[in-house]
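Here you go, one structure.
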Amino acid sequence: MGLITPGQVRDLVEAHCRDIPDFPTPGVIFKDITPLLADSYAFGQVIEYLSDFLERVGCELVVGIEARGFIVAAPAAFHTGLGFVPLRKPGKLPGVTLRESYALEYGEAALEMHEDAIRPGTRVVIMDDVLATGGTAAAAADLLERAGAKVIGMSFLIELASLAGRAKLPGRDLECIWTT
Ligand code: AMP
């Protein structure tokens with residue numbers, strides 16, 4: 001059996017994602033991927049597809065962004081025979097951490113990683129569920145590069161094109177399964 005095509009995997013993600021208006025705040029249309037996760041065929045095909053991307057770009061270690069990034073990054077890492085590193089919200093990791101703060105529409109957020117999680121020069125791919133304004137993904141890439149990693153790609157299930165997150169990630173190899 002051949003690999004699923006980009007069009008087929010996009011259709012699966014689109015068909016198994018639902019819009020929840022005004023969550024978590026008024027005006028936001030939340031892209032809920034829980035129907036995708038609950039469907040073993042669709043979820044499995046997405047993981048196969050992302051694993052193919054990891055192999056194609058020569059990834060050595062997979063990085064997931066808390067929390068929904070973990071849900072795709074960990075199985076894709078396992079399926080590809082690679083390790084997994086979590087980027088977490090502040091105060092969650094027990095060891096010595098590096099932190100990257102970034103601006104939100106109102107206020108600030110931050111991501112942390114263990115300072116010894118990645119050997120310098122390691123080729124990493126960052127994974128998350130949704131690329132929205134790109135602030136989270138850009139902070140993740142900066143944090144990893146400060147730790148000495150080579151960020152060779154980033155993958156998302158869904159890209160919200162109207163928010164232009166891509167503009168914050170110039171020169172990055174982006175794999176966005178469904179751009180809407
Ligand atoms: P951003 O930094 O604006 O690109 O936001 C990306 C992060 O927020 C990701 O970790 C997403 O999980 C989450 N996110 C932002 N917008 C949405 C949305 N409309 N639906 C679901 N998740 C979102």
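As the structure is a computational prediction, the values presented were derived from the model and not from experiment. Numbering of ligands and ligand atoms starts at 1, following listing order. Sequential numbering from 1 along the given sequence is applied to the chain's residues.
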- Message: Within the 4.0 Å heavy-atom shell around L160, which atoms of ligand 1 are there?
- Response: 19 (N)
- Would you say R119 has more than 12 foreign heavy atoms packed within less than 6.0 Å of its CZ? no
- For A137, is the nearest heavy atom under 4.0 Å from an atom of ligand 1? no
- Query: Among all protein non-hydrogen atoms, which one is nearest to atom 10 (O) of ligand 1, and what is the separation to 0.1 Å?
  - Reply: D128 OD2, 2.7 Å
- Nearest protein heavy atom to atom 16 (N) of ligand 1, by residue and atom, and its distance? A132 CB, 3.5 Å
- Message: Testing the 3.5 Å rule here: is there a donor-acceptor pair between the side chains of T179 and E159?
- Response: yes
- Identify, for atom 20 (N) of ligand 1, the protein heavy atom at the shortest distance, and state residue, atom and that distance. K31 N, 2.9 Å
- Task: Return the residue, atom name and 0.1 Å-rounded distance of the protein heavy atom closest to atom 13 (C) of ligand 1.
- Result: R68 NH2, 3.7 Å
- Item | Approximate separation, where rounding is to 0.5 Å, of I4 CD1 and R10 CZ | 11.0 Å
- Message: Please compare Y102, F30, F156 and report which has the shortest non-hydrogen distance to atom 21 (C) of ligand 1.
- Response: F30
- Note on the structure: When distances are taken from atom 12 (O) of ligand 1, the protein heavy atom at minimum range is D129 OD1, 2.6 Å
- Item | Within one Ile-Leu-Val-Met-Phe-Trp-Tyr cluster: M154 and V72, side-chain cutoff 4.5 Å | no
- Item | V62: which of V85, L82, V124 passes side chain to side chain contact (heavy atoms under 4.5 Å, CB included) | L82
- Nearest-contact summary for atom 4 (O) of ligand 1 - protein heavy atom, Å: G134 N, 2.7 Å
- I33 to ligand 1, any heavy atom closer than 4.0 Å: no
- Step through the shown structure and confirm whether more than 12 heavy atoms of other residues, nucleotides or ligands are within 6.0 Å of CZ on F78. no
- Item | Straight-line distance of D39 CG to I33 CD1, nearest 0.5 Å | 13.0 Å
- Do I47 and F156 belong together in a cluster built from hydrophobic side chains that touch within less than 4.5 Å? no
- Kindly identify the option in I65, I158, V130 whose heavy atom sits closest to atom 23 (C) of ligand 1. V130
- Query: I29 heavy atoms, cut-off 4.0 Å: which ligand 1 atoms fall inside?
  - Reply: 18 (C), 19 (N)
- Query: What protein heavy atom is closest to atom 2 (O) of ligand 1, reported as residue, atom name and distance in Å?
  - Reply: T136 OG1, 2.5 Å
- Message: So, taking the atom named OG1 in T80 and the one named CD in E48, what distance separates them when rounded to the nearest 0.5 Å?
- Response: 9.0 Å
- Note on the structure: When distances are taken from atom 3 (O) of ligand 1, the protein heavy atom at minimum range is T133 OG1, 2.5 Å
- Message: When you measure from the side chain of E66 to the backbone of K89, do you find a donor-acceptor pair of N or O atoms at a distance under 3.5 Å?
- Response: yes
- Message: Closer than 4.0 Å to some heavy atom of G135 - which atoms of ligand 1 meet that?
- Response: 2 (O), 4 (O)
